[in-house]
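Below: one structure, written as structure tokens.
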Amino acid sequence: MEKIVEQGILYDFYGELLTGHQRQIYEAAVYNDLSLREIAEENGISRQGVHDLLKRCDKILAEYEKKLHLVEKFNRVKKKVEAIEKLGETAENEMQADNSARALREAGRLAQEILEEL
């Protein structure tokens, strides 16, 4: 299951960089959960050809992430946004001036980090 999730995430970020044929085969395998045989029959290629193409696409997508780090950056920003949400809840729940001010300063610091990353 974890591999399918990773494949889907990498495809979401870098799938447009694959050829149309590669996208079609990859989507059939990852999103539509078709078997190699089903994909081969639909596309008029061998089962081994589908297998090789999927492996090649996995490698291509992993190489893009290795070079560009977009998924890694997205995950860092997502964690910071989640932290800002928690700080907002804390400030709202603890309307005391000291705790609210500290939470707001921390939220501002995280927001600044996000802007610098982008």
Side-chain angles (χ1 to χ4, degrees):
M1 176 75 169
E2 188 174 307
K3 181 182 178 188
I4 295 288
V5 172
E6 183 180 339
Q7 287 174 314
I9 290 170
L10 287 173
Y11 184 80
D12 286 345
F13 277 86
Y14 304 111
E16 288 298 314
L17 300 172
L18 298 174
T19 68
H21 180 67
Q22 288 171 327
R23 283 194 310 269
Q24 179 183 353
I25 302 296
Y26 205 77
E27 286 177 9
V30 174
Y31 290 122
N32 300 333
D33 198 29
L34 296 179
S35 69
L36 298 179
R37 182 184 54 77
E38 292 170 319
I39 297 168
E41 288 174 1
E42 283 184 10
N43 292 278
I45 57 178
S46 70
R47 186 186 164 288
Q48 184 64 45
V50 172
H51 177 269
D52 292 346
L53 189 137
L54 292 173
K55 290 295 180 191
R56 190 166 45 255
C57 287
D58 283 337
K59 184 177 178 182
I60 290 168
L61 296 173
E63 285 295 318
Y64 282 132
E65 176 58 18
K66 185 177 177 182
K67 292 176 183 174
L68 301 173
H69 307 285
L70 295 179
V71 175
E72 179 184 322
K73 186 180 211 178
F74 172 80
N75 287 329
R76 281 195 315 265
V77 169
K78 183 179 174 191
K79 285 182 183 183
K80 289 175 184 175
V81 169
E82 289 168 352
I84 290 171
E85 284 180 331
K86 284 184 182 179
L87 289 168
E89 290 171 8
T90 299
E92 191 175 313
N93 292 336
E94 301 175 7
M95 291 303 268
Q96 300 168 348
D98 286 347
N99 290 333
S100 293
R102 186 174 60 240
L104 291 173
R105 280 193 303 275
E106 180 66 11
R109 185 188 66 74
L110 289 169
Q112 185 60 39
E113 284 182 20
I114 290 170
L115 290 174
E116 288 172 6
E117 255 189 88
L118 300 176

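Keep in mind the model is a prediction, meaning the values are calculated, not measured.
To the nearest 0.5 angstrom, Gln7 atom CD is 8.0 Å from Leu54 atom CG. Rounded to the nearest 0.5 Å, atoms CG (Leu68) and CG (Leu17) are 8.0 Å apart. Distance check: Asp33 CG to Ile39 CD1 gives 9.0 Å after rounding to the nearest 0.5 Å. In this structure, CD1 in Ile25 is found 12.0 Å from CZ in Arg23, a value given to the nearest 0.5 Å. In this structure, the separation between CG on Leu34 and CD on Glu42 is 5.5 Å, given to the nearest 0.5 Å. To the nearest 0.5 Å, atom CD of residue Glu6 and atom CG of residue Asp58 are 8.5 Å apart.
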In residues 45-53, what donor-acceptor pairs under 3.5 Å come from side-chain atoms, sequence neighbours left out?
from: Ser46; atom 1: OG; to: Gly49; atom 2: N; distance (Å): 2.8
from: Gln48; atom 1: NE2; to: Asp52; atom 2: OD1; distance (Å): 2.8

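In this structure Glu72 satisfies the side-chain contact (heavy atoms from CB on, under 4.5 Å) test together with Glu65, His69, Arg76, sequence neighbours excluded. Qualifying side-chain contact (heavy atoms from CB on, under 4.5 Å) partners for Ile60, counting only residues two or more places apart in sequence or in other chains: Leu18, Gln22, Arg56, Tyr64.
The aromatic rings of Tyr11 and Tyr26 sit parallel, their planes meeting at an angle under 30°, below the 60° perpendicular limit.
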Check step by step if salt bridge (charged side-chain N to carboxylate O under 4.0 Å, His left out) holds for Glu41 and Arg37. CA-CA 6 Å; Glu41 288 174 1; Arg37 182 184 54 77; 3.3 Å; yes
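Nearest heavy atom pair, residue Leu61 against residue Tyr14, reads CD2-CB, 3.7 Å.
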